[in-house]
Amino acid sequence: MAAALTASCSGGPATPGGPAAAGKSATASASPAPAIKISPAQGSSKVKPNKKVVVTASGGALDEVVVQGGGKQLEGSFNADKTKWVSKEPLRPTSSYSVSAKAGATTAAASFKTLKPEVELEVADVTPNQKGEKVGVGAPIILTFNNPVSDKAAVEGALEVEAEKPVEGAWRWINDKTVIYRTAKYWPAHQDVKLTARLNGVQGGKDMYGVKDYTTTIKIGAKQISKVNTKTHMMYVYRDGKKVKTMRISAGMATTREYTTTSGVHLTMERANPVRMISPGRKKGDPGYYDVMINHAVRISNSGEYVHAKNNVWAQGRQNVSHGCINSRPDQAKWFHDTMQRGDVVDITGTNRELEWNNGWGFWQLSFKEWKKGSALEETR
């Protein structure tokens with residue numbers, strides 16, 4: 001008996017198949033299976049699209065989580081020990097979702113539905129972005145939504161600009177429906193820029209969610225920059241760094257503020273041939289009244305400034321006699337009209353009236369530091 005007791009208390013290895021091994025097997029077989037919890041719970045309806053799908057496991061690690069809905073598989077990520085999985089992207093409104101998960105021998109499943117938004121948010125317009133259009137190196141990206149946005153940071157965070165030749169840029173909100181992207185320096189020429197608005201499921205305001213993603217490609221053309229000096233009455237056009245046109249011009253006569261050409265960095269906005277120009281705030285018979293058709297006109301501000309044609313050769317290159325526009329010889333104005341891209345730079349110097357940053361596309365009148373202050377994401381940093 002003493003010998004048997006001594007043997008049973010020794011620290012030597014247990015014999016395979018003996019009592020010690022049998023005890024381990026019994027313990028292992030008695031371990032509980034992992035438990036899986038899924039949120040939103042089975043049968044949930046009117047789930048908010050910005051709610052995360054969360055799957056957790058206790059008593060073990062998750063092997064697999066698959067969430068399907070809205071026509072795609074939802075992306076997500078595990079934590080370090082794989083006991084938790086969280087979705088990365090918003091859910092699609094008015095959609096059904098199914099969740100399946102596995103942890104060891106345990107499987108679990110759930111299904112739920114997202115709500116239908118009372119107000120739908122989507123992209124209404126992107127400018128400049130006409131089919132087949134190439135834009136200038138100063139071009140902004142003007143994004144307009146179909147409804148006013150109150151959660152601007154959430155919506156702005158869903159906007160992505162990817163350029164083949166990257167350059168720093170930022171969004172600036174100018175009202176509740178319009179946000180504008182401008183680069184810190186001019187776009188590098190001859191490249192594609194991809195705009196993506198991942199609005200689906202993003203909450204833009206009370207009871208308002210994005211219902212559709214949007215993507216488009218904007219083509220940046222040649223680097224066309226025009227330098228206008230109202231004191232020397234000359235305009236020089238450069239394309240990709242090479243001077244391609246020298247134009248004698250006449251600018252605003254500057255007898256009043258209205259008739260003074262604005263100095264600063266303008267962008268070409270649109271063109272037409274002809275354009276009807278009517279003196280603002282005057283009626284027929286008033287001093288200074290005019291109502292004329294002007295050929296080959298390229299708009300550079302919202303205060304009535306154009307680069308346009310005028311058979312005014314006696315003044316061009318000599319003196320400023322216009323109502324504020326830049327006029328040039330008809331053949332040269334036609335050339336400028338025909339070759340311009342929206343977003344080309346027209347840099348004007350020589351007057352005491354500065355172009356306002358929000359006059360047309362005068363966005364380059366702000367430093368990039370000032371421009372960024374209009375970003376909703378800057379406010380949250």
Side-chain angles (χ1 to χ4, degrees), residues 31-124 143 145-160 176-177 179 194-216 376-377 380:
S31 297
I36 298 175
K37 182 181 179 181
I38 298 173
S39 174
Q42 164 63 27
S44 298
S45 61
K46 297 185 179 180
V47 174
K48 292 182 177 180
N50 56 353
K51 182 177 176 61
K52 300 289 187 182
V53 177
V54 180
V55 180
T56 56
S58 55
L62 290 163
D63 298 312
E64 183 182 65
V65 175
V66 178
V67 182
Q68 297 275 3
K72 59 178 288 188
Q73 183 170 317
L74 199 65
E75 292 186 6
S77 59
F78 293 98
N79 64 355
D81 58 5
K82 294 194 73 173
T83 57
K84 186 177 185 179
W85 181 95
V86 181
S87 60
K88 290 181 177 179
E89 53 190 307
L91 303 170
R92 186 179 293 275
T94 324
S95 298
S96 297
Y97 281 84
S98 63
V99 185
S100 61
K102 183 179 179 182
T106 304
T107 59
S111 60
F112 62 88
K113 293 182 179 180
T114 52
L115 59 75
K116 176 178 174 57
E118 290 187 21
V119 182
E120 297 183 348
L121 176 67
E122 56 187 300
V123 173
L143 190 58
F145 299 101
N146 63 328
N147 282 300
V149 173
S150 57
D151 193 342
K152 293 180 174 62
V155 171
E156 186 178 328
L159 306 179
E160 184 178 82
D176 290 343
K177 293 177 72 173
V179 62
K194 183 180 179 182
L195 165 67
T196 304
R198 305 184 193 281
L199 294 179
N200 180 60
V202 172
Q203 186 169 15
K206 180 175 171 55
D207 301 321
M208 178 171 66
Y209 292 90
V211 293
K212 186 189 300 181
D213 290 344
Y214 177 91
T215 184
T216 190
L377 295 180
T380 62

NZ/Lys52: more than 12 non-hydrogen atoms of other groups inside 6.0 Å: yes

Under 3.5 Å, which donor-acceptor pairs do the side chains of residues 89-109 form with other protein atoms, sequence neighbours left out?
| residue | atom | partner | partner atom | Å |
| --- | --- | --- | --- | --- |
| Glu89 | OE1 | Lys72 | NZ | 2.8 |
| Glu89 | OE2 | Glu75 | N | 2.9 |
| Arg92 | NE | Gly70 | O | 3.2 |
| Ser95 | OG | Arg92 | O | 3.3 |
| Ser95 | OG | Pro93 | O | 3.0 |
| Tyr97 | OH | Arg92 | N | 2.7 |
| Thr106 | OG1 | Pro34 | O | 2.7 |

Run the side chain to side chain contact (heavy atoms under 4.5 Å, CB included) test on Ser111 and Gln42 for me, step by step, so that the C-alpha distance in whole Å, both residues' side-chain angles and the decisive distance to 0.1 Å come before the verdict. CA-CA 5 Å; Ser111 60; Gln42 164 63 27; 3.5 Å; yes

Kindly determine whether Phe145 and Asp176 satisfy side chain to side chain contact (heavy atoms under 4.5 Å, CB included), including the steps that lead there. CA-CA 9 Å; Phe145 299 101; Asp176 290 343; over 6 Å; no

Please answer whether the main-chain N or O of Gly201 pairs with a side-chain N or O of Asn50 as donor and acceptor at a distance below 3.5 Å. no

Ile36 side, atom CD1; Thr56 side, atom OG1 - distance, nearest 0.5 Å: 9.0 Å

Please examine the side chains of Gln68 and Leu74, heavy atoms only from C-beta on, and report whether any two atoms are closer than 4.5 Å. no

Hydrogens and angles aside, do Gln203 and Asp151 bring a side-chain donor and acceptor to less than 3.5 Å of each other? no

At what distance, to the nearest 0.5 angstrom, does CD of Glu118 lie from CG of Asp207? 4.0 Å

Evaluate Thr215 against Lys194 for side chain to side chain contact (heavy atoms under 4.5 Å, CB included), listing each step before the verdict. CA-CA 7 Å; Thr215 184; Lys194 183 180 179 182; 3.4 Å; yes

Atom pair CG/CE of Leu121 and Met208 - distance to nearest 0.5 Å: 5.0 Å

Do Lys113 and Ser44 come within less than 4.5 Å of each other through their side chains, counting heavy atoms only? no

Distance from Leu195 atom CG to Leu159 atom CG, nearest 0.5 Å? 7.0 Å

What pairs of residues pass the ring pair (Phe, Tyr, Trp, His ring centres under 6.0 Å) test when at least one of them lies in residues 53-72, not counting sequence neighbours? none

I'd like to know if the side chain of Glu122 reaches the main chain of Val211, judged simply by a donor and an acceptor atom lying under 3.5 Å from each other, with no hydrogens or angles considered. no

Would you call Tyr214 and Leu199 a side-chain contact if the rule is heavy atoms closer than 4.5 Å? no

Over all heavy atoms of both residues, which pair between Pro40 and Val47 is shortest? Give the atoms and the distance, please. CG-CG1, 3.9 Å

Value for NZ (Lys116) from OH (Tyr209), rounded to nearest 0.5 Å, stands at 14.0 Å

Closest non-hydrogen atom pair, Ser77 against Lys88: CB-CE, 3.5 Å

For the CG atom of Leu143 and the CD atom of Glu156, what is their distance to the nearest 0.5 Å? 10.5 Å

Please report the closest heavy-atom contact between Phe112 and Ala41, naming both atoms and the distance. CB-O, 4.2 Å

What I'd like to find out is whether the side chain of Lys152 reaches to under 4.5 Å of the side chain of Val155, using heavy atoms alone. no

Scan Val54, Val53, Val67, Val55 and name whichever one has a side chain to side chain contact (heavy atoms under 4.5 Å, CB included) with Ser87. Val53

Which atoms form the tightest heavy-atom contact between Leu377 and Ala153, and what is the distance? CD2-O, 3.5 Å

Quick one: are Leu115 and Lys48 in side-chain contact, heavy atoms under 4.5 Å? yes

